[in-house]
2 protein chains.
Amino acid sequence: MNEDLPLASGSPTLEDVARVAGVSRATVSRVINGIRNVDPAIQETVRQAISTTGYVPNQAARSLVTRRTGAIALVVSGAGGESEEHPFPGQVFADPFFGRVAGGIVGFLRPRGIHPILMFAETPEARAQVITYLRQGNADGAVLVSTHAEDPLPRLLAGSGLPAVLFARPAKPIPISYVDVAHRAGAKLAADHLVARGCRRVATVSGPLDVPASQDRLAGFRDAMAAHGHPYIPCVEGNFTHDSGEAAMERLLAEHPDVDGVFVANDLMAQGALLVLRHHGRRVPDDIAVVGFDDSSAALACRPPLTTVRHPVEDMAAEMARLLLTHIEQPGHQVTSVIFEPTLVVRQSA
Amino acid sequence: MNEDLPLASGSPTLEDVARVAGVSRATVSRVINGIRNVDPAIQETVRQAISTTGYVPNQAARSLVTRRTGAIALVVSGAGGESEEHPFPGQVFADPFFGRVAGGIVGFLRPRGIHPILMFAETPEARAQVITYLRQGNADGAVLVSTHAEDPLPRLLAGSGLPAVLFARPAKPIPISYVDVAHRAGAKLAADHLVARGCRRVATVSGPLDVPASQDRLAGFRDAMAAHGHPYIPCVEGNFTHDSGEAAMERLLAEHPDVDGVFVANDLMAQGALLVLRHHGRRVPDDIAVVGFDDSSAALACRPPLTTVRHPVEDMAAEMARLLLTHIEQPGHQVTSVIFEPTLVVRQSA
DNA sequence: CTGAAAGCGCTAACAT
DNA sequence: ATGTTAGCGCTTTCAG
């Protein structure tokens, strides 16, 4: 090994390492990429050379030939029209839900040396930019978390032929892979629990009814309650925000003052509902039991702590990443959906 | 323009566009990169060729020669030791604060065609990976949001010579650029407001006292209260979480039952404090006034809505991105800090 | 098991 | 104003 050859200025390249180790570029490349058929002694020499030179591979050069970037896009998308209202994108990120998704994705991808590029797609321009960005080969594929039913991005993605996976089933059938939770089963868990604890006059606060998740939670809840002999379940529609939960609960109380149990379609709304109940002097769970959905950080911030249906977001996000990787590695892989089972987390609100 | 030349398989390259347009690669490159000195007629021909071929530039090839990736790392970092506790990284993302940072960064960077790569650096390995990742040229620089005072990453980054900017002043002096808010001035705003509304027995809940932001908010509050003739201000330390806010308020009430005003060092803790006050039957703001810090989404979720010191997080994040870009473009640029002035947002809690 | 050589697609001197 | 030509640093046949 030639210890003291002059290195070119700038950061060392394969060439430099090869010269120091007294071998060819190809050999250095082989040891770096862990390809066998390299003499152990030479391997050692090369490793030495790598550390004495302080060599790090140049990802651009590598990508140019392998056609892989080691990055994927993590797209948070809305339906559009939000551009004028906010000076900054990504307000939606205030929901702790997205942090959980990000955590799940990174947990799976990071050990594999892959990293997510964060993109918001709240306007038509932003959506077009996402597609262009992927086409330029800045990322090998995309995972998409969509907040609105009318979001056109899933279709754009499916049409582009780029590897992509959605969080949640699209509102209209689109040939694209996705992961989701069994919303109906989760709602049934809530219904069974409320009935089991003796609630007789049960109502629900749903999410926005144009999104499949909300529809399914509502339908699942009503079906389960019907099976328990409660054919009519009053419902007020919310939009998954804290404030809408308050408003919905307020209305429910006005229209059905005697409710003794309520299933709220997500924890953030349930938190708002709890505030309203307390304000009206209703004791939870004694006067009225409340079950949420998600088991987000909001559930623990509630008083009393919220009994809720656990949405395994991190596991789902990890699966989404895994699915994306198979689509990237096997371009012809068939469209797949993976459904997770929710569980009930019993705390004190019901 | 030669409409019907055979295109190579795969996606079209500059070469293909050039052939179709009947010009050289260099000319096509010039029009794509908006370099003048190109005949308008030829420009038009080239644009035509680009759209007929469906050409999109290959970013890897471009990066290889320009030494720019058009990506920066957005690093959320902790002090370490969190690896065993959580199966997934980024739990900290539950705090809406990070969503605001991300929004501010993207708002500034996206129009410039730059995107953030999300990285969590909660363990020593993860931190090393961040450095390696940057060295490999996967990103042109990093913005760092650190959650703990003992985080070693700022120092690693400063030592590496890679372009980087911090959110918030590091606990110990490090030669690295950062943006921050005038914590003392913000705390003074809170103090002045509490005094002006007639509070006489004032206390505070601070953040973790090993981080400069907490120290400064506490010191600024105490100084301002002293100036108003209140030399002794009781303080209970929290850690910026909802739960710690509850615990702190509980303790404050036990030790100083007669407090009539409290400055809580962030909104999440203030939310917890408000819950405790209500539980103890204290009316807010009549019996006791509460002022928070941040003006995060939690402030509006409080009952009553929280009077708080607005932390201009999005603007600060945008500035952080701007600063990083200047460091990337001018490698020798001097270390800089930018301090933002907070404002008081008066709602109903004080 | 190792080396030589041919590009990957693009930009940027340098010529013209 | 446009074309020619050299690479950027790496992987990967193909020989040996």
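Note that the coordinates shown come from a computational prediction; the quantities given were computed from them, not determined experimentally. Here is how names work: the chains are called A, B, and so on, in the same order as the sequence lines, proteins then strands, and each is numbered from 1. Reckoned from all heavy atoms, side chains included, excluding hydrogens, waters and symmetry mates.
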**OP:** Respond yes when some side-chain nitrogen or oxygen of A/N37 is under 4.0 Å from OP1 or OP2 of C/dC1, and no when none is.
**Re:** yes

Original post:
Between the side chain of A/S77 and the main-chain N/O of A/A121, is any donor-acceptor distance below 3.5 Å?
Top reply: yes

Original post:
Between C/dA12 atom P and B/I32 atom CD1, what is the distance in whole Å?
Top reply: 13 Å

**OP:** State whether the side chain of B/D151 and the backbone N or O of B/H148 hold a donor-acceptor pair below 3.5 Å, judged by distance alone.
**Re:** no

**OP:** Provide, to the nearest angstrom, the distance between the CZ atom belonging to B/R62 and the C1' atom belonging to D/dG7.
**Re:** 18 Å

Original post:
So, does A/R68 use its side chain to make a donor-acceptor pair with the main chain of A/I328 at under 3.5 Å?
Top reply: yes

**OP:** Provide, to the nearest angstrom, the distance between the CZ atom belonging to A/R19 and the P atom belonging to C/dA4.
**Re:** 14 Å

Original post:
Distance-only, no hydrogens or angles: does the B/T27 side chain make a donor-acceptor pair with backbone N or O of B/V23 under 3.5 Å?
Top reply: no

**OP:** Using a cut-off of strictly less than 4.0 Å, decide whether B/T27 has a side-chain nitrogen or oxygen near OP1 or OP2 of D/dG3.
**Re:** yes

**OP:** Output the single nucleotide from C/dC10, D/dA1, D/dC10 whose closest atom is nearest the side chain of B/L14.
**Re:** C/dC10

Original post:
Just how far, in rounded Å, is C1' of D/dC8 from CD of A/E15?
Top reply: 13 Å

Original post:
Checking B/S63 side chain against B/Q59 main chain: does a donor-acceptor pair fall under 3.5 Å?
Top reply: yes

Original post:
C/dG3, D/dC10, C/dC10: which one has an atom nearest the side-chain heavy atoms of A/V23?
Top reply: C/dG3

Original post:
Is a side-chain N or O of A/D140 found less than 3.5 angstrom from the main chain of A/I72, in a donor-acceptor match?
Top reply: no

Original post:
Roughly how many Å is it from CD in B/Q59 to C1' in C/dT11, rounded to a whole number?
Top reply: 12 Å

Original post:
Angle, rounded to 10°, between the helical axes spanning five pairs at each terminus of the helix from C/dC1-D/dG16 to C/dT16-D/dA1?
Top reply: 40°

Original post:
According to a strict under-4.0 Å criterion, is B/S24 in side-chain N/O contact with OP1 or OP2 of D/dG3?
Top reply: yes

Original post:
Expressed in angstrom and rounded to an integer, what is the separation of A/Y55 atom OH from D/dG9 atom C1'?
Top reply: 7 Å

Subject >> Closest listed nucleotide, where the reference is the side chain of B/A61 and the choices are D/dT2, C/dG9, C/dA4 >> reply: C/dG9

Original post:
Is there a donor-acceptor contact under 3.5 Å linking the side chains of A/Q330 and A/T326?
Top reply: no

**OP:** Could you state the atom-to-atom distance from CZ of B/R67 to P of C/dC10 in whole Å?
**Re:** 17 Å

**OP:** Please confirm whether the backbone N or O of A/L134 pairs with a side-chain atom of A/N138, one donor and one acceptor, at under 3.5 Å?
**Re:** no

**OP:** Consider the side chain of A/D39, meaning its heavy atoms from C-beta on, and name the nucleotide among C/dC1, C/dC10, D/dG9 that approaches it most closely.
**Re:** C/dC1

Subject >> For atom CD1 of A/I50 and atom C1' of D/dC10, their distance in whole Å >> reply: 13 Å

**OP:** For the pair B/R112 (side chain) and B/F108 (backbone), establish whether a donor and an acceptor sit closer than 3.5 Å, ignoring hydrogens and angles.
**Re:** yes

So which protein N/O to nucleotides 12-16 of chain D N/O distances come out below 3.5 Å?
none

Subject >> Nucleotide nearest A/I42 when distance is taken to its side chain, options C/dT2, C/dC8, C/dC1 >> reply: C/dT2

**OP:** Using atom types as modelled and distance alone, determine if a side-chain donor or acceptor of B/R110 lies under 3.5 Å from a backbone N or O of A/F120.
**Re:** yes

